[in-house]
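Working notes, structure below.
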There are 2 protein chains.
Amino acid sequence: MKNQKQIKNQKQIARELGISVATVSNALRGKGRVSASVIKLVTSRAEQVGYFPSAAGRALKTGRSNILGLVVPDITNAVFPKFAQGVEAEADKCGYGILIADSRGTQAGQNSAIRQLIQRGVDGIIVLPQRCTAPEVTSVPCAFASTPGDINNTVAANHIQGGQIAARALLDLGHRNFLLLGNDSESQVQKDRIQGMMEALEGIAQFEVCWTPDVFPDLVEKNKTGVTAILTVSDLLALRAVTQAERAGLKCPQEISVMGFDDLPLATAVRPTLSTIVPNTTELSKRLVAYLSAAIHRDVILPKPSLVDMSIILRESTGPVATHSPHSTRRLK
Amino acid sequence: MKNQKQIKNQKQIARELGISVATVSNALRGKGRVSASVIKLVTSRAEQVGYFPSAAGRALKTGRSNILGLVVPDITNAVFPKFAQGVEAEADKCGYGILIADSRGTQAGQNSAIRQLIQRGVDGIIVLPQRCTAPEVTSVPCAFASTPGDINNTVAANHIQGGQIAARALLDLGHRNFLLLGNDSESQVQKDRIQGMMEALEGIAQFEVCWTPDVFPDLVEKNKTGVTAILTVSDLLALRAVTQAERAGLKCPQEISVMGFDDLPLATAVRPTLSTIVPNTTELSKRLVAYLSAAIHRDVILPKPSLVDMSIILRESTGPVATHSPHSTRRLK
DNA sequence: TTGAAAGCGCTACCAT
DNA sequence: ATGGTAGCGCTTTCAA
């Protein structure tokens, strides 16, 4: 017991210094009117004994824990880590800690996760909703990161715009015959991305949409019919397209270009490295935390919910359409 | 203000019921000697008004927050999510929440993250150390997840054993000429994995170790010299080996087998799917949380630190050595 | 069986 | 400029 280094509190510091706890508190917080000499005395003493305020005591008094909850549908989902990192960094800047909760992909799990977090005393909650399910009404501020819905506290990546810039980038490279690849036609995110692609291609190029729950289309055959570019809704799918193509002897990007989505870590770990559409997780996190912070402090004007544009990173998996290819654009004209 | 649903506390429940707070507390916690009728009365009332105890109040009184800190070197590291999920699940089972902190890959960041967590009042901390750097002494129980070191509160995946089973699996498939692939010869994890592989192969098969910080070995040339199997230290590296091989016209697994490590999500997303060595994150998490829980409650006997064996998953990227191949084992004999 | 009261560590109000 | 004190919500001891 004795070897356990005792943590000092304000009371003990006050006693040792022969002053009151109120003065210690005031001196430490820079509040109140305390003489410079006492401030110096107290702060140096506090430093010396390694004092830091008790989170519980402060939370009880102020009614704030300075902790935000983060509900994620599935931690093993590859897009989560980048997001969590952004949120953690931004929260840290604002003095908040992040308590994570896994909703295990179910609506019930999501609700129970939210309840859990509230009971743990978080000041606000960020939810990455599972398939855009409606939120449960809660007693603390909540912000949602998802595709735009009807709720007004949602911040979302602009997946439609993301799909558009993916398509335009390949149009710029001369491609005029596309294969659009998704793997979950129920996912609003994927639907939005595909929709954006279609909007950008409509009337300018040929395209075919292909949802592949399990079977993968025969890329060689597609290529024979003139396809020179594949737009996918995820890096994982893009990777699969690339490996599938190369196995069949189709060189990427010389004979076929492939575009991914999300800029997962694997995008730069594979060869060819993947061109991809990257969500601005920093900005998303910033807005989510800013919204919560404002709501927590009961600011009158809350930041507007909004869409955050995505950007593009061109790497090795995309290239100009091969002019000498028998399947190139020229032939279609 | 008025529309904000007021959260009830014990005092209010006590007043409404015309009894004392002490009785409410006792009834709710099943402690003390309270009549069954009062218990029923209080619990039903609590349920009815949606009462839940204030985390801050309880923490202040008990000195425990029921929150564990988790320090990770880099959230975007692909092995982290599975780990975090395991820890979160296990902690949840034991009534703990998880507060995450990113050490941003530096020793200084790690120390500051630990300090932060302590200030937030966590009861214990799990650290995934950056390159096995020594821990800073702390005032709360700490458990480390890493390769075995000298510290006695470390739980680690048995990377050496993992390397061994990777090698043995391919020996069983008839392979006798290996290429061992790492990409960071400073990493203790990678060194252990390679060491395990070498131990299993020594005296039984030929092998060559190759550290590839940037340049990738010419697999076709290696294959010409008889190599039929590649053992890597990560799925990412395995994937790169597979794509490299297939680009060069070497079929996987028909002509060359490739083994990964970690069972990242991408392992099943690519073709061929990757055979890999998978750490038992569930067991690791269980032991870490169990250790901390025991330490927090000042149990006399603490669970022993220990190594957790890894297991193997055989998928499509490995196969029997081709008997007809001119480079197969027979030729070496 | 029940209740009164102390006190965990902190902040803020009000006196001095 | 400084200090006394109340009280945040809870648990626990002790008294009734």
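Bear in mind that the values here come from a model prediction, so they are computed numbers and not experimental data. First the proteins, then the strands, lettered A, B, ... as listed; each starts at 1.
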Nearest of D/dC10, C/dT2, C/dT11 to any side-chain atom of B/N9?
-> D/dC10

Report the residue (A/V21 or A/A36) whose heavy-atom-nearest nucleotide on DNA chain D is the more 5′ of the two.
-> A/A36

Choose from D/dT12, D/dT2, C/dC10 the nucleotide whose nearest atom is closest to any side-chain atom of A/P53.
-> C/dC10

Exercise: identify the closest heavy-atom pair between B/A59 and A/A56 | CB-CB, 3.8 Å

Which heavy atom of A/Q119 sits nearest a heavy atom of B/A55, and at what distance?
-> O-CB, 3.5 Å

Spacing of A/N26 atom CG relative to D/dT5 atom P, expressed in whole Å | 16 Å

In degrees, rounded to 10°, what is the bend between the two ends of the helix from C/dT1-D/dA16 to C/dT16-D/dA1, using five pairs at each?
-> 50°

Closest-nucleotide 5' rank along DNA chain C - winner of B/S35 and A/A22 | B/S35

Minimum-distance nucleotide (side-chain atoms of B/Q10 versus C/dA12, C/dG9, D/dT11) = D/dT11

Report the residue (B/G57 or B/T23) whose heavy-atom-nearest nucleotide on DNA chain D is the more 5′ of the two.
-> B/G57

Would you indicate which nucleotide in D/dC8, D/dC10, D/dG4 comes nearest to any side-chain atom of B/Y51?
-> D/dC10

Is there a side-chain polar atom (N or O) of B/K11 under 4.0 Å from OP1 or OP2 of D/dG7?
-> no

Could you give the distance from CD (A/Q110) to CG (A/L128), rounded to the nearest 0.5 Å?
-> 9.0 Å

From C/dG9, D/dT11, C/dT11, nucleotide with atom closest to A/L60 side chain | C/dG9

Does A/S285 reach the main-chain N or O of A/T281 with its side chain, forming a donor-acceptor pair under 3.5 Å?
-> yes

For A/Q12 and C/dC8, give me the distance from atom CD to atom P, rounded to whole Å.
-> 10 Å

Check each of B/I118, B/L68, B/L70, B/L99 against B/I125 using the side chain to side chain contact (heavy atoms under 4.5 Å, CB included) test, and report the only one that passes.
-> B/I118

Looking at CZ of A/F80 and CZ of B/F80, how far apart are the two atoms once the value is rounded to the nearest 0.5 Å?
-> 5.5 Å

Using whole Å, report how far CZ of A/R58 lies from C1' of D/dG7.
-> 17 Å

Measure the distance from NZ on B/K61 to C1' on C/dA5 and round it to the nearest whole Å.
-> 11 Å

Counting N and O atoms only, with roles assigned by atom type, does the side chain of A/S25 sit under 3.5 Å from a partner on the main chain of A/A22, one being a donor and the other an acceptor?
-> no

With the side chain of B/T62 defined as its heavy atoms from C-beta on, choose the nearest nucleotide among C/dA4, D/dG9, D/dT11.
-> D/dT11

Is the side chain of A/S103 donor-acceptor paired with the backbone N or O of A/V71 at a distance under 3.5 Å, no angle test?
-> no

Whole-Å gap separating C1' (C/dT2) and NZ (B/K40) = 19 Å

Measure the distance from CG on B/N66 to P on D/dG9 and round it to the nearest whole Å.
-> 19 Å

Value in whole Å for how far the P atom of D/dA16 lies from CD1 of B/I19 | 21 Å

So what does A/S25 hit on the nucleic acid, given a heavy-atom distance under 4.0 Å: a base, only sugar-phosphate, or nothing?
-> base

Whole-Å distance separating the CZ atom of A/R29 from the C1' atom of C/dC13 = 14 Å

Think A/S54 has a side-chain N or O under 4.0 angstrom from the OP1 or OP2 of C/dG9?
-> no

